[in-house]
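Along the sequence shown, residues are numbered consecutively beginning with 1.
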Amino acid sequence: MSVDHAPPDISPVSSLPPSAVPPRKDPELVPLAAAAGRRSRVPRWVRRTSGPLLLLALWQVLSGTGALPADILAAPGTIARVAVDLVADGSLPAAMAVSLQRVAVGLLLGLVVGVGLALVSGLFRVGEDLVDAGVQMLRTVPFVGLIPLFIIWFGIGEAPKVAIITMGVMFPLYLNVYAGIRGVDAQLIEAGESLGLSRWGLVRHVVLPGALPGAMTGLRYSLGIAWLALVFAEQVNADAGIGYLMVQARDFLRTDVIVVCLIVYAFLGLLADLAVRTLERLLLQWRPTFTGQ
């Protein structure tokens, strides 16, 4: 009986010792690394601004060729000249100051009310039973629909405008802070108790730091709602502010002034979000996060 033996491997690689065998390169990893190197050569700010600049150039071309009439939407050059004129005569800075004051007061009141209710509802079961159901019911009511009621209650002055912003701000803060408190890991609570922390010590050193990421997310979301609420608030019986300029421009069919006001709204909202993101990076340095690839 004959036994078949497999032929010996006489390839050049197999005859070398393991230490002398060169490492094999994965053919799929090399193109990815090369692509990553190519992407890194383009600054990120160039990539982020290329889209808006292309859109602006297309807008100017359509306006210059007449495809986009001026009575529908003014050209970017016209809007820039109008913005300079509004800044020069002082009407735009004065309107921005009034609108910023309204947002600041409404945001402060919404922050106090929303975070306060979230702490009561999140830290205490009795508070949850008393507070959460009512807040959830009010949250489903569109705050814009409360404008007539606020006018009846507070008149046509600054109070209804600030109340609208406060209502829009408090609910995102409440939901995110409450979810952050209730989302703290129970094992961290047990570890704090084993270390002898009191109830206030647990709240201060474990619960509140654990809820801080959710609170910052709620603050960013609330700022966006604050500017949205300001737009509605300044459309009702306003005699100053960015919304007042928009109402006047609407009556005179000035699309250039309307676009300037919208750009100011967007710019102020972007600055507010940048400020919150900076504060978030300072307060949450202990939390490693994924920043994208």
CG of Leu130 to CD of Glu128, rounded to nearest 0.5 Å, is 10.0 Å
Q. Are Ile151 and Val141 connected, step by step, through hydrophobic side chains (Ile, Leu, Val, Met, Phe, Trp, Tyr) whose heavy atoms are closer than 4.5 Å?
A. yes
When Val113, Leu111, Thr217 are each screened for side chain to side chain contact (heavy atoms under 4.5 Å, CB included) with Leu173, the one that passes is Leu111
Side-chain donor or acceptor of Trp59 paired with backbone N/O of Ala74 under 3.5 Å: yes
- Query: Is the shortest heavy-atom distance from the side chain of Leu245 to the side chain of Val260 under 4.5 Å?
  - Reply: no
Distance col, row Arg250:CZ vs Cys261:SG, nearest 0.5 angstrom, shows 12.0 Å
Value for CG (Leu109) from OG1 (Thr166), rounded to nearest 0.5 Å, stands at 4.5 Å
Here the pair of heavy atoms bringing Pro69 nearest to Ala67 is CD-O, 3.5 Å
All heavy atoms of Gly214 vs all of Asn176, minimum pair found to be O-CB, 3.1 Å
Hits for side-chain hydrogen bond (donor to acceptor under 3.5 Å, both in side chains) against Tyr221, two or more places apart or cross-chain, chain-then-number order -> none
request  = Starting from the C-alpha separation in whole Å, work towards a yes-or-no answer on side chain to side chain contact (heavy atoms under 4.5 Å, CB included) for Val82 and Val257.
outcome  = CA-CA 7 Å; Val82 170; Val257 177; 3.9 Å; yes
Minimal heavy-atom distance between Pro76 and Gln60, with the atoms involved, is CD-OE1, 3.2 Å
Those residues at least two apart in sequence (or on a different chain) that pass side chain to side chain contact (heavy atoms under 4.5 Å, CB included) with Ser50 are none
Rounded to the nearest 0.5 angstrom, the CG-CG distance for Leu68 and Leu73 is 5.0 Å
Residues passing the side-chain hydrogen bond (donor to acceptor under 3.5 Å, both in side chains) test with Arg81, sequence neighbours excluded, are Thr78
Rounding to 0.5 Å, atoms CG (Leu270) and CZ (Phe267) come to a distance of 7.5 Å
The reported gap from CZ in Arg139 to CG in Asp132 (rounded to nearest 0.5 angstrom) is 9.0 Å
*Using the side chain to side chain contact (heavy atoms under 4.5 Å, CB included) rule, take Gln136 and Leu175 through it: C-alpha gap first, then chi angles, then the decisive distance, then the call.*
CA-CA 9 Å; Gln136 297 299 335; Leu175 291 175; 3.5 Å; yes
Q.
Does the plane of the ring in Tyr174 sit parallel, tilted or perpendicular to the ring in Tyr178? Use 30° and 60° as the thresholds.
A. parallel
- Query: Would Leu279 end up clustered with Val177 when hydrophobic side chains under 4.5 Å apart are linked, directly or stepwise?
  - Reply: yes
Note: Val169 and Ala226 closest approach over all heavy atoms is CG2-CB, 3.7 Å
Answer yes if Val112 and Leu119 sit in the same cluster of Ile, Leu, Val, Met, Phe, Trp and Tyr residues linked by side chain heavy atoms under 4.5 Å apart, and no otherwise. no
Between Leu223 and Ala272 the two heavy atoms that sit nearest each other are CD1-O, 3.6 Å
Return all side-chain donor-acceptor pairs below 3.5 angstrom for residues 95-107, not counting sequence neighbours, or 'none' if the list is empty.
unit_1	atom_1	unit_2	atom_2	d
Ser99	OG	Ala95	O	3.2
Ser99	OG	Glu234	OE1	3.4
Ser99	OG	Glu234	OE2	2.7
Ser99	OG	Ile242	N	3.0
Arg102	NE	Glu158	OE1	2.8
Arg102	NE	Glu158	OE2	3.4
Arg102	NH1	Glu234	OE2	2.8
Arg102	NH1	Ala240	O	3.0
Arg102	NH2	Glu158	OE2	2.8
Arg102	NH2	Ala240	O	3.4

For the backbone of Ala118 and the side chain of Ser121, can you confirm whether one donor and one acceptor N or O come within less than 3.5 Å of each other? no
Ignoring hydrogens and geometry, is there a side-chain-to-backbone donor-acceptor pair from Ser91 to Val87 under 3.5 Å? no
Linked, directly or transitively: Leu146 and Val162 (ILVMFWY side chains, under 4.5 Å)
no
query: Under a single-linkage definition using a 4.5 Å side-chain heavy-atom cutoff for Ile, Leu, Val, Met, Phe, Trp and Tyr, are Leu262 and Leu92 assigned to the same hydrophobic cluster?
result: yes
Across all chains, not counting sequence neighbours, the side-chain hydrogen bond (donor to acceptor under 3.5 Å, both in side chains) partners of Ser222 are none
- Message: Quick check: do Thr255 and Ile72 have side-chain heavy atoms less than 4.5 Å from each other?
- Response: no
Val231 meets the side chain to side chain contact (heavy atoms under 4.5 Å, CB included) criterion, sequence neighbours left out, with Gln235, Tyr265
request  = Please lay out, stage by stage, how Lys161 and Phe154 fare under the test side chain to side chain contact (heavy atoms under 4.5 Å, CB included).
outcome  = CA-CA 9 Å; Lys161 301 174 181 59; Phe154 306 115; over 6 Å; no
Minimal heavy-atom distance between Gly269 and Trp227, with the atoms involved, is CA-NE1, 3.5 Å
Exercise for the section: Check whether any side-chain heavy atom of Phe171 sits under 4.5 Å from a side-chain heavy atom of Ile225, and report yes or no. Expected result: no
